[in-house]
**Student:** 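Okay, handing you the structure first.
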Amino acid sequence: MLDVPTRRITAFADRSFASPADKAVRIAEASPAARFVVRGRAAVPQTAAVALGFPLATDVCRAALGGERVALWLGPDEWLVIAPEHEAESLGAALASALAGVPHALVDVSHRNVGLTVSGPKASYILNHGCPLDLSLAAFPVGMCTRTILAKAEVVLWRTAEDAFRLECWRSFGPYVADFLEEARTEFK
Amino acid sequence: MSAPFRLPAGGRIDRSKPLSFSFDGKSYPGFAGDTLASALIASGVHLMGRSFKYHRPRGFLTAGPDEPNALVGVGASDDRYTPNLRAPVVELHDGLVAESQNRWPSLSFDVGAINDVLLGRFIPAGFYYKTFMWPKSFWKSVYEPKIRAAAGLGRPPKDPDSARYTQVYHHTDILVIGTGPAGLAAALAAAKSGLRVLVCDEQPEFGGSLLHDLSSSIDGKTPAQFVADAVADLARQPNVTLLTRTTAFGYTPHNMIGLIERVTDHIAHADPKLPRERMWHVRAGEVVLATGAIERPLVFPENDRPGVMLADAARAYANRWAAKPGSRAVVATADDGAYRAALDLKAAGVEIALIADMRANPTGALVAQARAAGIRVETGSVVTGTRGRLRVKTAHVARLDANGNAGAPEPFACDLVLMSGGWTPTVHLFSQSRGKLRWDEALGAYVPGTSAERERSAGGCRGVYDLQAVLADGTAAGEDAVRAAKGMPGPSRGFMVTGSPATSGGYLGAVPHDRNPATVKAFVDFQNDVTAKDLKLATREGMRSIEHVKRYTTTGMATDQGKTSNMNALGIVSDSLKTPIPQIGLTTFRMPYTPVTFGAFAGASRGDLFDPVRRTPAHDWAVAEGATFEPVGQWKRAWWFPKAGEDMHAAVDREVKAIRTSVGLFDASTLGKIEVVGPDAAKFMELMYTNAWAKLGVGRCRYGVMLREDGFVMDDGVIGRIADDRFHVTTTTGGAPRVLAHMEDYLQTEFPHLDVWLTSITEQWAVIAVQGPKAREVIAPLVDGVDLSTAAFPHMSVRECKVCGVPARLFRVSFTGELGFEINVPADYGRAVWEAVHASGKPFGITPYGTEAMHVARAEKGYIIVGQETDGTATPDDVGLGWAIGKTKPDFVGKRALARPSMANADRKQLVGLLTKDPKTTLEEGAQIVADAHVEMPARMIGHVTSSYQSPTLGRSIAMAMVKGGRARIGSSLFVPMPDGVIEATVVEPIFYDKEGARLDA
Amino acid sequence: MLIINCPICGPRPEIEFRYGGEAHVARPAGTETLDDQTVADRLYMRTNPKGLHFERWRHAHGCGKYFNAVRDTVSDFFVTTYKAGEPKPDVAALLKDQAR
Amino acid sequence: MQKYSAFELFKRALGGHQGWERQWRQPALKPAYDAVIIGAGGHGLATAYYLAKEHGVRNVAVIERGWLGGGNTGRNTTIIRSNYLFDESAALYDHALKIWDTLSQDINYNVMYSARGVMMLAHTVHDVQSAKRHIHANRLNGVDNEWLTPEQAKEFCPPLNISQNIRYPIMGAALQRRGGTARHDAVAWGYARAADALGVDIIQNCEVTGIRRDASGAVEAVETTKGVVRTKKVGVVAAGHTSVVMAMAGLRMPLESYPLQALVSEPVKPAFPCVVMSNTIHAYISQSDKGELVIGAGTDAYTSYSQRGALHITEHTLDAICELFPMFRRMRMLRNWGGIVDVTPDRSPILSKTAVPGLYVNCGWGTGGFKATPGSGHVFAHTIARDEPHPINAPFTLDRFRDGYLIDEAAAAAVAH
Ligand SMILES: Cc1cc2nc3c(=O)[nH]c(=O)nc-3n(C[C@H](O)[C@H](O)[C@H](O)COP(=O)(O)OP(=O)(O)OC[C@H]3O[C@@H](n4cnc5c(N)ncnc54)[C@H](O)[C@@H]3O)c2cc1C
Ligand SMILES: NC(=O)c1ccc[n+]([C@@H]2O[C@H](COP(=O)([O-])OP(=O)(O)OC[C@H]3O[C@@H](n4cnc5c(N)ncnc54)[C@H](O)[C@@H]3O)[C@@H](O)[C@H]2O)c1
Ligand SMILES: Cc1cc2nc3c(=O)[nH]c(=O)nc-3n(C[C@H](O)[C@H](O)[C@H](O)COP(=O)(O)O)c2cc1C
Ligand SMILES: [Zn+2]
C-alpha cells in the first residue's frame, strides 16, 4: 500500500488572499467542509432535523443554522448542507438514516464546491461587480442565501453578517471567481 | 506663456493651478478646470478640424457633448490614444497631448479641401450610389479604396489598450439624471425621503446651466452658491450617492440604466489602481430625467466657419471658463436666449456688432435689456453668408421682406458669429425607454408624452425653461418619484428666483437667403457635411420618410447623432414636403447618448477573465510534465505529453502504444457527471435514455444514448447503477450543462410526479482513467475492498470502495478497448491519488496520455464521439447504435420522432470505416466523399470523414465516415477528392481493432 | 436586462434565468398514436405571437425551477408568471387589474 | 428609368442637381393586382423586380407597413458569403453571390458590394474539423473557401490577435475571398427603383391586416390599412413578422422571432480590411465604407418584437471583440440597434408554396439572410410566377418539417450570419 496523503488540496491550495485591500474587503478561503445536497418533498425538512439538529429552512432563500452546521435553502426541494470537514462521514450517515423513510436524494458534494468568505465595509460593492442582485441589507438581509451569478460563474451567496458573505462555487470556477474578486478590489489596494 | 483671450477674472477655473498641454505639437497654457476647448479658445485658437466630406475648416460649435466639429485625438502613446473626442468635454490635465484629425498635410493647409472647392458640387447626397459602376473592375481596385481612404475621422489606436475598466451593478430607489436646476431640485426633494437616491451628471461638476449663469439669483444666492449649497446638502445625506463625470448612456428595459463614469482621463498621473472608466448597471425603482435642452444652430449659408458658434456656448466659455470666444460678434438669432449671451459677452468685453433677429417683433424682457445696454438690434434680419478662410471675418446680414425673402446683405466685420435657433429638449433617454414623444406646437419641439417605464422628466428636457419654473418642476418630479417609490416626500420647498427673465422663440429649418441655392452650402449636420440642399435633393428623389432622408443624406448619423441637427433637418424636410412636422415623425433615439468605450462594455472580461478557465485537480501535474492543452468548452484538457524532441505525432504514437501494450494514465475528470437519485430513478432513466435501465443490476454499468425530442443523438455516456435508487451518469465534457438542463426540463415539466432528483457531481469526483493490459496490476495495490478479477468485477462494473484510503467509485470501463478502470475520488484528493497511481505504474512504464491519444485509441475501436461523428442530424441507427434503443419501451424522449418516415430512409448517412488504398495516406477530417473516381464539379457528395488518424496499433491510417447508405457499401470503394488528387478508400465496418472485444475482458 | 418574477423567489434579474420557449405545447410522447403532421406541429410549429406570449422560463441560477410567464413581446413587459403545472391564467382579467 | 452614371452626375451637377427624378413613385393602392408581395425588405423588393423583369408579371404591389428597407434589410451587419455546408444551401447562397457580383450594373444602382473576404475563425479542434468539412464541401460544390493558418489569417487581417496566450487562441481560419459586404440601404433602394421602373407599385406605410380566401381555400384578396386588394397570388416576405402575417391565413409556422443586435463604432480611418466572424466566442466585425466598425451580436434569449436587445448581450459581443482586437478597446460605440429575426428549427430558410393555393412564403432567414437577397428574390419570383419552385429552392419547403428532411446548417455550424 502506497502512502498517500489524504490532505485536501482545494482549488485555492496554493493561493494567498492577503492584500492591502483587506481593509476595504477581505477575501479568504473558507475552511474545507463537508457538504451535502439534500433533495425531496415537503416531509424532508423536518425529517432531516433528526440528523442535523434543526430543520431545513422552508422560507425561501434563507439559511438555517445550528452550531457549526448550516443548511442553505437553494430551491423549494433543494438544500445545501455545510458542516465541518470531520463530519463528512458521520453526518452523511446520520442524514441517510434519518431520511431513509421519505423519498429523497442525498448526495455528497463536499469536494464539488469551494468556499470563500468576502467581508468588510466594501464587501457588497465588490460582489456587485459581478452579482446583479440588490445586496442592500433591506433586500438581502443577514441569513439570506441564494444561487445567483457572479460575472460568468454561478455561485451560491449567503450573507453571514451585515458586512460578510460566504460564497460557494464549483471547484473549477474557484480560481475564476477569486481572480474576478481580486480584480474588482484592485482600487482598494 | 500667456493666453490672449483669457479674461482677467472670473470663471470656474483654478488660476492657482496652471497647466500646459499641446495641440498639434504646439504647446499652450491652461488652468485646472479648463476643457481642451476653453483653453484653446483662451489662446485664440478656433481652427480645430476638418469636416468629413468637404474638409472644410471647422471650429467650436458648442461647449458640450453635442459638439459635431471640434473632434480631436487625445493621448501621448498609442496604448492610451483615443480618436474622435469632443474638445469641449475633454478636461485638461497637465501634459495632455491632442491632435486634429482628417487633414493632410496640416490643419491649416489640407489637400482634401479640394472636395469643397472643386468637387463639392459633384458629390451631393448619395452620389456614390449613382457612380463608380464602370468599369466594373475599378470598384474594387480604385473607387472603393479611394472612398474608404477619404472616409473616417480619426485614426484608431494601433496598440492594445493598457487601461483597466470595471463594471458594477447598483440598485437605487430613485435615479436622478442631470444636475442642472431641475435635477438638483429633484434630488433635494427626493433625498429628504430617506430613500436611496443616486444622482449623476456627465460633467465634472454638478450645476448644469447654472454654472454659467451669472445674472440670476436663487433664494438670494448666486447660481454658483446655490449649486454649492445644494451639492453640500446632498453630500451630507447617507442615502444619497453623487456621481460626476458620469453619463447615463442607455435606458434599457425594466428601468435598467447604463451609466459610464470617467474615472481617470482627467488626471495627468492617475493612480494605476483606478479603472479608466467604470460602468454602472443601475436598476432604478424610479427615474427622474433632468437632462436639459440643446441649443440649435441656424441654418444659413456658410454657418460652419470657425468662429461661428452657438450663442449659449459662447456665453458658457466666457462665464464658466473665462475664455473670451472673440473680440467682435454678430449675433444671429430667432430666440431671446441669444440676447442673454450678447449681454454677458458684452460684459466680458466682446464688442457686439449687432443682433440680427429673424423675428419681426421680438418682445421679451431680454430684448429690452439688450437695447438698453446699447446693443444694436436689427429685427426681421438674417445672416445670409460669412467670409473668412480659417476663421470668420465678415458676416452678411440682410433684412427679410414681408414675404420672408432676404434682401441685399450688408457685411459686418467680426471674428465671432453667435447663433441661436432656439432649444431642443434632450429627450434621448426618455425616448430610449420607449416613452412616446408628443409634439408641442407652441414650443416647436417634441417633449415627453406617455411613459413606458417608471420615469418622469423635469425642466429643460420637457420644454420648461424658465428658471423659477424649472426649479418647481424639478421639485415636483422629485416628489412624484418619492411617492411612486412608496416613500414619504418631506415638506415641499419653494425657490425664489430673480434676474432670470422668461424667454421665448425658436426656428426650425433653413434660414431664407438670397444666394445661389445650387452652389451655396448651409450646414445642417456639420460633422457629416449635410446641407439644406442635400436634404432637399433627397426629398426630390422620393425619400419621403425621415428615415430614408436620414440614411440617404447621413444626417444625424455622425458621432453626435444629430443632437444639434435633427430638428433642423426635420424642419427642412417638412418644408420641402409641405407636411407638418408631427406627421413626419422622428428617427429613433438609440443607445448610447454619447459614444461609450468598447473596453467599458467588456469590463473585467479580458484575458483569463474573458471566460472562466476550468482546470482539473491534476492540471498542474500535467503542466509540470510539459503537456500541451486544448480548450474543450471552458475546460483546458491535456492534449498530449511530448517528451523532449517529440512532435505531436510521435508523442501520440508513443502514448497509444503504451495503452495497447502496457498501461496509460488519463485525466477524465472533465466528463460531466450527474447523480440521479430517488425511488423513481430507474423510471426516469428509462424516459431520458433510449436504453433499458430497469433491469440493470446494482454495481453494473451501461452505455447510454440520449436523444432530443426530435430523435437526434444529443449525448452519450457510461452510466453506473450505484444502488437501486441511485445512478451515476456520465456525459460528454461539453454536453454536461446541456444534458442536466435537458433532464431537469423533462423532470419538472413532463414527469413531475416522479420521485427523483438530479445533482451535478462533475466536480465532486476527479476521474483517473487507467487503461491497458497492466491496468489491474497498477491499481491493485491501491484499491481496498474490491476483488478486481474479471469474474468478480467484469467489464462494465462499478464499486464503491476506497482507493489510496479515500472513498472512491471505481468503474471498470474502457474507452480505449483495453482493460480499463476509471477511478473516481473526491476532487481534492485527485492530485494525490493521481500521483499515487503514477508511482504505482512506474514499474510498467505507465504513460500519461492526452485527449489526442484517447481519440486515436477509441477510433481504433470504432467508438463514436458525439459532436464529431454526430452533428445533430444523426439518429442512433445512423451511427450504429440501433442496438441501444429499447424497442419494447413504451416511451422515451425522441421515440415518436424516430418513427417519422425520413428517419428510416435508406439514403441516410451511416457510420462506416474507411481504409485508404495507401495505408500511409491519412484522410483529412472533414474531407468529402464521392462514389465515382471521376469527379466532376459540382461533385455529388455522399458523405464526409468524421475521424481520421494514423493508427499506431495497426500501423496504417484509419478513418470513420458518415456516408449515405454507408452500411450497404461495405466492401466497395469510395473516393475522397482532395485539391491534389483523388484518394481511394475501401468501406469497412467502423471497428478496426479487437472486433470481438476480447481485450476488454482481460 | 429584464426583471422576471420567479413565482418562488420573487423578482430577479434576467441573467439568472433560461428561456424555455413557448409554454403549453404538448409533448409527442412515444406511446401516442399521433400522425406525422401532429408530431411535426408539436416539435416545430410555434405561435410566435406579436403581443401576449405564454412562455417557459427556468430560474436556472436561482431556485432551479421551471415556470410559465405571460409576456408582451412588443414591450417585453410581463403580465404575470405562474408555477409550472398551473393552468393558464385569465390574462384579460389580469390586464384589467393592472390598468387600474 | 433615369440612368445613373458619372456622366449623368456631372451633367446634373451643372444644373444644381435639380434634374434628378424620384427613385420610386408614391402610387396609390389599386383595387387589384396580379400578385401582391407583403414586405418591402430586400427580399420582397427583389422578388417584385424579378417577377417583373424575368416573368413579365408587372402588375405587382409590394406592400410595406413602414418605410421600404426599414426591416432587417436596413439593420443588418451586411455580411455576404456562400460557404454553407450542405449542397442545398451552398447552391442557394452561391446563386445569390453570383448575382451580387453584377447587381450594381444590372439594377444601375451602386450597392457597393465589396468582396473583401470573410474569415471565420477556429478556436478549438472541433472548430477546425467543422471548418475543414465546410471547406471541402464548398470546394466540391465550386464555392471558394480556403484554410488559413493563424499566421496567414493575421496577414490577411493585421489587427487580429493570434497570440497563443489569449483565452481562446486562434487555431486557424476559413476564408471565402468572394465574401464581403454591401451597402444594405442601397440594396433596398436599388431594387425599389428598378422594380418601380418596371411598373411595380411600392405602397409604403400600409400594413397588411388580413388575408382573404375564397370558398376553395385559395387566396383572393389581402386586407390592408389602405383598403382591400384583390389578388390571386400573395408572396409573404415579412421576415420577423412572418408568423403574424401567416396567421392571417390560418397557418402556423415553424418560426420564432428573436431580437438581434448590431452596433457601430465611431468612424475611423481604414483599419480593418475584411470581415471576421468567430462563432465560438460570438463576434462579427467589419469596417464600413464610411469608417465605422460594424459589429454584430448574438440573439437575445427570448422571442420579441421589440427591435432592441439587452445590454448584457452587447457586453458579451464587445468583450469578444476586445479580446480578438485589443487595439479596438478604446474605440467607442456610436449606435446600437436591434432587428427581429425569424428563426427556423434548422436555421435554413423557407422558400415555399403553402397549403393555401396562391399563398407563397419566403422567410426563416434568421440571422443571415441579407447575403441571399438577390438569389432569394430570383428563385422566389420563379416560384410565384410558375406556381412551382425553382430547382434551387425546391428543398427549402415548409413540408420538410413534417417529413423530417431538415437542412440543418445550425447543427453543422452553430451559427449562420
Ligand atoms: C442585427 C442584424 C444583423 C444581421 N446580419 C446579417 C449579416 O451580416 N448577413 C446576412 O446575410 N444577414 C444578416 N442579418 C439577417 C438579414 O438582415 C435578414 O435575413 C434579411 O435582411 C431579411 O430580409 P427581408 O427582406 O426578408 O426582411 P426585412 O428587410 O425585414 O423585410 C420585411 C418587411 O416586411 C414588412 N412587413 C412585416 N409585416 C408586414 C405587414 N403585415 N404588412 C406589410 N409589411 C409588413 C416589414 O416592415 C419589413 O420591411 C442580420 C439581421 C439583423 C437584425
Ligand atoms: N430658452 C432658454 O433661455 C433656455 C433654454 C433651455 C434651458 N435654459 C436654462 O437651462 C436650465 C434648464 O435646467 P435643466 O436643469 O433642465 O437643464 P440644465 O441644462 O441646466 O442641466 C442638464 C444637466 O444634465 C446633464 N445631462 C444631460 N444628459 C445627461 C446624461 N445622459 N447623463 C448625465 N448627465 C446628463 C448635463 O450635463 C447638465 O448638467 C434653466 O436654467 C433654464 O433657464 C434656458
Ligand atoms: C451597416 C450599417 C452601418 C450603420 N452605420 C451607421 C452610422 O454610421 N451612424 C449611425 O448613426 N447609424 C448607423 N447605422 C444604424 C442606423 O442608424 C440605424 O440604427 C439602423 O438602421 C436601425 O434603425 P433604427 O435604429 O432606426 O431602428 C448603421 C446601420 C447599418 C446596418
Ligand atoms: Zn426562483
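Every chain is numbered from 1, with letters handed out A, B, ... down the list of sequences. Reckoned from all heavy atoms, side chains included, excluding hydrogens, waters and symmetry mates. If you're wondering where the values come from, they're calculated on a predicted model, not measured in any experiment.
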**Student:** Say you draw a straight line from OG of S605(B) to CD of E323(D); how long is it, rounded to the nearest 0.5 Å?
**Tutor:** 8.5 Å
**Student:** Need one label for H123(D): side chain, backbone, both or neither, based on atoms under 4.5 Å from any heavy atom in chain B.
**Tutor:** backbone
**Student:** When rounded to the nearest 0.5 angstrom, what is the spacing between CD in E21(D) and CD in E541(B)?
**Tutor:** 10.0 Å
**Student:** Using non-hydrogen atoms only, which part of L537(B) is less than 4.5 Å away from chain D: side chain, backbone, both, or neither?
**Tutor:** side chain
**Student:** For chain B, which of H312(D), Q287(D), R402(D), R193(D) has the most heavy-atom pairs under 4.5 Å?
**Tutor:** Q287(D)
**Student:** Nearest 0.5 Å, what's the CG-CG distance between L406(D) and D710(B)?
**Tutor:** 7.5 Å
**Student:** How long is the gap from CZ on F598(B) to CG on L263(D), to the nearest 0.5 Å?
**Tutor:** 5.5 Å
**Student:** Sort by residue number and list every residue of residues 898-905 of chain B having at least one heavy atom under 4.5 Å from chain D.
**Tutor:** R900(B), S902(B), N905(B)
**Student:** Tell me, for S545(B) versus chain D, whether the close heavy atoms (under 4.5 Å) come from the side chain, the backbone, both or neither.
**Tutor:** side chain
**Student:** Contact part of K636(B) toward chain D, heavy-atom cut-off under 4.5 Å: side chain, backbone, both or neither?
**Tutor:** side chain
**Student:** Hey, is D871(B) close enough to R133(D) for a salt bridge, meaning N to O under 4.0 Å?
**Tutor:** yes
**Student:** Among A163(B), G75(B), A602(B), G711(B), which has the most heavy-atom pairs under 4.5 Å with chain D?
**Tutor:** A602(B)
**Student:** Are a donor atom and an acceptor atom from the side chains of K269(D) and N102(B) found within less than 3.5 Å of each other?
**Tutor:** yes
**Student:** What part of N205(D) gets within 4.5 angstrom of chain B, counting heavy atoms only: side chain, backbone, both, or neither?
**Tutor:** neither
**Student:** Heavy-atom pairs under 4.5 Å with chain D: which of A150(B), P145(B), P253(B) has the most?
**Tutor:** P253(B)
**Student:** Quick one: of N516(B), T588(B), V976(B), T519(B), who has the most non-hydrogen atom pairs under 4.5 Å with chain D?
**Tutor:** T588(B)
**Student:** Under the 3.5 angstrom rule, does the side chain of R551(B) hit a backbone N or O of A186(D) as a donor-acceptor pair?
**Tutor:** no
**Student:** Pick one of side chain, backbone, both or neither for L119(B), based on which atoms fall under 4.5 Å of a heavy atom in chain D.
**Tutor:** neither
**Student:** From I407(D) CD1 over to T873(B) OG1, what is the distance, rounded to the nearest 0.5 angstrom?
**Tutor:** 12.0 Å
**Student:** Among Y4(D), W20(D), W189(D), which residue satisfies the ring-ring contact (aromatic ring centres under 6.0 Å, His included) criterion with Y129(B)?
**Tutor:** W189(D)
**Student:** Please classify the contact of Q167(B) with chain D as side chain, backbone, both or neither, using a heavy-atom distance under 4.5 Å.
**Tutor:** side chain
**Student:** Tell me, side chain or backbone of H548(B) under 4.5 Å from chain D's heavy atoms, or both, or neither?
**Tutor:** both
**Student:** Between Q432(B) and chain D, with a heavy-atom cut-off of 4.5 Å, which part of the residue counts as in contact: side chain, backbone, both or neither?
**Tutor:** backbone
**Student:** With a 4.5 angstrom heavy-atom cut-off, could you sort out which part of Q307(D) is near chain B: side chain, backbone, both or neither?
**Tutor:** both
**Student:** Is the side chain of E547(B) donor-acceptor paired with the backbone N or O of W67(D) at a distance under 3.5 Å, no angle test?
**Tutor:** no
**Student:** Which residue out of A897(B), P124(B), G734(B), P595(B) racks up the most heavy-atom pairs below 4.5 Å with chain D?
**Tutor:** P595(B)
**Student:** Pick from K533(B), R276(B), K140(B): which one has the most heavy-atom pairs with chain D under 4.5 Å?
**Tutor:** R276(B)
**Student:** Does any heavy atom of chain B fall under 4.5 Å from the side chain of F7(D), the backbone, both, or neither of them?
**Tutor:** neither
**Student:** Keeping the roles fixed (side chain from R329(D), backbone from T597(B)), state whether a donor-acceptor pair exists under 3.5 Å.
**Tutor:** no
**Student:** Which answer fits N84(B), side chain, backbone, both or neither, if we ask what part of it has an atom under 4.5 Å from a heavy atom of chain D?
**Tutor:** both
**Student:** Is a side-chain N or O of R155(B) found less than 3.5 angstrom from the main chain of P270(D), in a donor-acceptor match?
**Tutor:** no
**Student:** Look at the side chain of K290(D) and the backbone N and O of A151(B), then say whether any donor-acceptor pair between them is shorter than 3.5 Å.
**Tutor:** no
**Student:** Locate the shortest heavy-atom distance separating T131(B) from N110(D); write the atom from each residue and the value.
**Tutor:** O-ND2, 2.9 Å
**Student:** Under the 3.5 angstrom rule, does the side chain of R330(D) hit a backbone N or O of R80(B) as a donor-acceptor pair?
**Tutor:** yes
**Student:** Which bit of D87(D) comes within less than 4.5 Å of chain B, counting heavy atoms only: side chain, backbone, both or neither?
**Tutor:** side chain
**Student:** Could you tell me which portion of P135(B) (side chain, backbone, both or neither) has an atom closer than 4.5 angstrom to a non-hydrogen atom of chain D?
**Tutor:** neither
**Student:** Backbone N or O of A558(B) within a donor-acceptor pair of the R335(D) side chain at under 3.5 Å?
**Tutor:** no
**Student:** For P517(B), is it the side chain, the backbone, both, or neither that has a heavy atom closer than 4.5 Å to a heavy atom of chain D?
**Tutor:** neither
**Student:** Do you know the tightest heavy-atom contact between R590(B) and R75(D)?
**Tutor:** NH2-NH1, 3.3 Å
**Student:** Checking heavy atoms, do the side chain of T317(D), its backbone, both or neither come under 4.5 Å from chain B?
**Tutor:** neither
**Student:** Can you tell which part of E630(B) gets under 4.5 Å to a heavy atom of chain D, answering side chain, backbone, both or neither?
**Tutor:** side chain
**Student:** Quick one: does NZ or CZ of K3(D) land under 6.0 Å from the six-membered ring centre of W134(B), within 45 degrees of the ring axis?
**Tutor:** yes
**Student:** Taking all atoms of both residues into account, what is the closest heavy-atom pair of F122(B) and A13(D), and its distance?
**Tutor:** CD2-CB, 3.2 Å
**Student:** So, for M333(D) and P592(B), which heavy atoms are closest and what is the spacing to 0.1 Å?
**Tutor:** O-CG, 3.2 Å
**Student:** Is it the side chain or the backbone of Q204(D) that comes within 4.5 Å of chain B heavy atoms, both, or neither?
**Tutor:** side chain
**Student:** Are K136(B) and D101(D) within salt-bridge range, i.e. N to O under 4.0 Å?
**Tutor:** yes
**Student:** Side chain from CB out, backbone as N, CA, C, O: work out which of these in I135(D) comes under 4.5 Å of a heavy atom of chain B, or both, or neither.
**Tutor:** neither
**Student:** Taking every heavy-atom pair that is under 4.5 Å apart, which of R121(B), Q868(B), R148(B), M133(B) has the most such pairs with chain D?
**Tutor:** R148(B)
**Student:** Check each atom of N141(D) against the heavy atoms of chain B and say whether the ones under 4.5 Å are side chain, backbone, both or neither.
**Tutor:** both
**Student:** Top residue by heavy-atom pair count (under 4.5 Å) with chain B, among K132(D), R167(D), M327(D)?
**Tutor:** R167(D)
**Student:** R400(D): which residues meet the side-chain hydrogen bond (donor to acceptor under 3.5 Å, both in side chains) condition with it, sequence neighbours left out?
**Tutor:** D346(D)
**Student:** Less than 4.5 Å to any heavy atom of chain D: does that hold for the side chain of Y552(B), its backbone, both, or neither?
**Tutor:** both
